Amino acid sequence: MAGFWRPGADAPSTSAPSTLLTLDVDADADATGTLIQFEKNPKASLSARRRALPIAAHADELMYCVEKHQTTVIVGHTGCGKTTQIPQYLRDGGWCGGGATVAVTQPRRVAAQTVAQRVAEEVGCVIGDTVGYAIRFEDVCTPGKTEIKFCTDGALLRELAEDPLLTKYSVVIVDEAHERTLATDVLLGLLKKVQRARRDLRLIVSSATIQAESFAAFFDASGEDDDGDGPSRKPIIMSVEGRAHGVLIHYLDEPTGDYVLSAVETALEVHRNEGPGDILIFLTGEGEIDDAVNLLEEEAREMKRDPRRSHDALDLVVCPLYAGLNPAAQLEAFRPPRRGARKVVVATNVAETSVTIEGVVYVIDSCFAKQKAFDPERGMESLFVAPASKASTNQRAGRAGRVRPGKCFRLCTEIDYRSLADVTAPEIVRSDLASTVLQIKAMGIDNIMNFEWVSPPPAANMIKALELLYALRALDDDAKLTSPLGVHLAEIPLEPQLGKMLLVSGEMGCVREALTVAAYMQVQSLWVTHRGQKKRLDEMRDRFAVEEGDAVMMLNIHDAYCDARNQAKFASNNMLNHRALLRAGDVRSQLKKHLARLGVVTNSSCGDDTVPIRRAIAAGFFANAATLAPYGGGPDGSVFHSLRAMSARARARELRIHPSSALFRSRPQCVAYCSAVRTDREYMRDVTVVEADWLRELAPHFYRAVSANPTTQ
DNA sequence: ACACATAAT
């Protein structure tokens, strides 16, 4: 490939200057689901190892900051030990006296669990005693006894609904705030509000360098009335360095037209010319990963056959890695390669934050990622491939430096690299806000337009959310939460359309079916993905598929699964993900408890009649309805028109049934769908056959309003 | 032939 940077002896001296990027490295404290931990000095005592962490040298300074300031923004580089140590310093410093608790929030469940376990060991207690954790389905804490509580940001949000002043807590640590997940952003906004009412509540926000100033500015309340007592209301920023190996960054001389191919070529160059160490490639999705893996495996086979190959040359072992991959194949990517082999892991963004692969010395970065966007006009979320941010590519590069100094090859020119955004736009500005708005309203915050966001979402997104909640009858004419419907919808831990489906199923006599549908919609990757077995998967799906659509197919799967004598075997025989099925069962029983608490009789069933459950789905998802285009589905027979958009716009939106749907080859007249994605085209997923009359009957306000005055919807 | 970044209540 012309102009391509070549590593090793061929490296042209005129190539773009390489930058030495200092990144943090330490196996100790990266709490994000590390599977294999290694100790630098396994013989050192626990306390000696704790003292050796970079954060230990800053313990006194930190305690001073927390004492004197309401908010401390801590820039703690990966591996400095902040997540495990700060809560313990606070406890030692007396912040847990008198039944007070220190809360530490994490964006991910595994992180909350594993760090809690680690800290419990360091404190020397059983998990759930002095140190505990709380995530959606597990509350491993002892009220009155637990002094350090790790939880997901979402779990703390739920707690805020019941205890708006967080009276149990003396300090809240928001860890990994720079990731700016939806839950983190909502939590930060609410915490600012809590701090007004509770001057004694201390906040520690952990952030990457680049966002520290904006967090500090957000929490700055020094301009507000100050009685002079208590801590300063001006946040303070403190920084703790990590343990770092250098990562040498290389860029392309010329842009590449095909980053998948470039990634493969670079991996092969590294393999031939560079010293030992595994390779991690970042691409955007399953399709690209499959292509790259196929190309690399082909090359690996050819290298083995090459008669000129030296006897001590390393074999190449290639592993795909993405969240939807079957668990056995995922494990393969984490296992150290066999002796005499070098491992190449071809991954999505999972390997950027959620998991850590030990032994990686070379990172090859496409500098692209799939991103979510929300289109308020269509009320639809979409996914598209977009350039990654500098923050994201730096995080990726850092994955090369965990073991020893590493190298990162960015598949763009340095000039193009400079044009990347500094950080990825926070999720809150790119999302459907219906659930978020409902939750905030349920906390008694009526005037949502005045909510203080770290980054305010676009007004159009907010309006769309309010419209949907109004159409669902969760909000009244004054945009106030309705009772009981709106209040109940906020209590159910589901998106409001699914919540509505559940509540309505009580009246329609199909709660058992609705619970199953709702639970199955919560698990991603119901089917096991095997490379090269797509066709077989389609066949398996067709075994359960029915003409009524995906929801009824889920009911069939659930029934067959429950009847199976050996459920694990049933799952593997049918290419179903057993873990997903188990989780669906778990979610189902939780949802059942929620409904029972709200006074819904939970054992009604519509049996073999699918009309009631399909009507319940229509009652929740009436806004997502589409009809087959005139003349049998348009030119290629597959086109549907969105019902809502058809009246609002002169030209109807084209929608198609997603290839993963049971209805992919069917041509029903009218359908409701639970989600849609835009890739090259717009696809409906989780599709159910409904009747247009049901929509008019179940959501007369919505469809009458649309046809009477198109511009108002 | 067409296809699902990542999390969470």
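Each chain gets a letter, A, B and so on, in the order its sequence line appears, and its residues count up from 1. Note that the structure is a prediction, hence the values are computed from the model and not measured.
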K.L.:
With sequence neighbours excluded, tell me which residues meet side chain to side chain donor-acceptor pair (under 3.5 Å) with A:Ser675.
P.N.:
none
K.L.:
Identify, between A:Arg430 and A:Arg681, the residue whose nearest nucleotide on DNA chain B lies closer to the 5' end.
P.N.:
A:Arg681
K.L.:
Please classify the nucleic acid contact of A:Ile135 as base, sugar-phosphate, or nothing, using heavy-atom distances under 4.0 Å.
P.N.:
sugar-phosphate
K.L.:
Just to verify, what does A:Ser589 make a side chain to side chain donor-acceptor pair (under 3.5 Å) with, not counting sequence neighbours?
P.N.:
none
K.L.:
Under 4.0 Å from any heavy atom of chain A: name the first and the last nucleotide of DNA chain B that qualifies, 5' to 3'.
P.N.:
B:dC2 to B:dT9
K.L.:
Among residues at least two apart in sequence or on other chains, which ones pass side chain to side chain donor-acceptor pair (under 3.5 Å) with A:Thr424?
P.N.:
A:Ser389
K.L.:
Select base, sugar-phosphate, or nothing to describe what A:Gln439 touches, counting heavy atoms under 4.0 Å on all strands.
P.N.:
base
K.L.:
Under 4.0 Å, heavy atoms only, any strand: does A:Ala183 hit a base, just the sugar-phosphate, or nothing?
P.N.:
nothing
K.L.:
How is A:Ser660 classified with respect to the nucleic acid when contacts are heavy atoms under 4.0 Å: base, sugar-phosphate, or nothing?
P.N.:
base
K.L.:
Please report the C-alpha distance between A:Arg108 and A:Glu176 in whole Å, then the side-chain angles of each, then the deciding distance to 0.1 Å, and finally whether the salt bridge (charged side-chain N to carboxylate O under 4.0 Å, His left out) criterion is met.
P.N.:
CA-CA 10 Å; A:Arg108 282 168 289 278; A:Glu176 317 287 4; 5.6 Å; no
K.L.:
Among all residues two or more places apart in sequence or in another chain, which pass the ring pair (Phe, Tyr, Trp, His ring centres under 6.0 Å) test with A:His558?
P.N.:
A:Tyr520
K.L.:
According to ring pair (Phe, Tyr, Trp, His ring centres under 6.0 Å), who are the partners of A:Tyr417, at least two apart in sequence or on a separate chain?
P.N.:
A:Tyr251
K.L.:
Let me spell it out: for each of A:Gln522 and A:Pro659, pick the nucleotide of DNA chain B with the closest heavy atom. Which residue's pick is nearer the 5' end?
P.N.:
A:Pro659
K.L.:
Hey, does A:Leu383 reach any base, or is it just sugar-phosphate, or nothing, if we go heavy atoms under 4.0 Å?
P.N.:
base
K.L.:
Contact class for A:Ala323 (heavy atom, under 4.0 Å): base, sugar-phosphate, or nothing?
P.N.:
sugar-phosphate
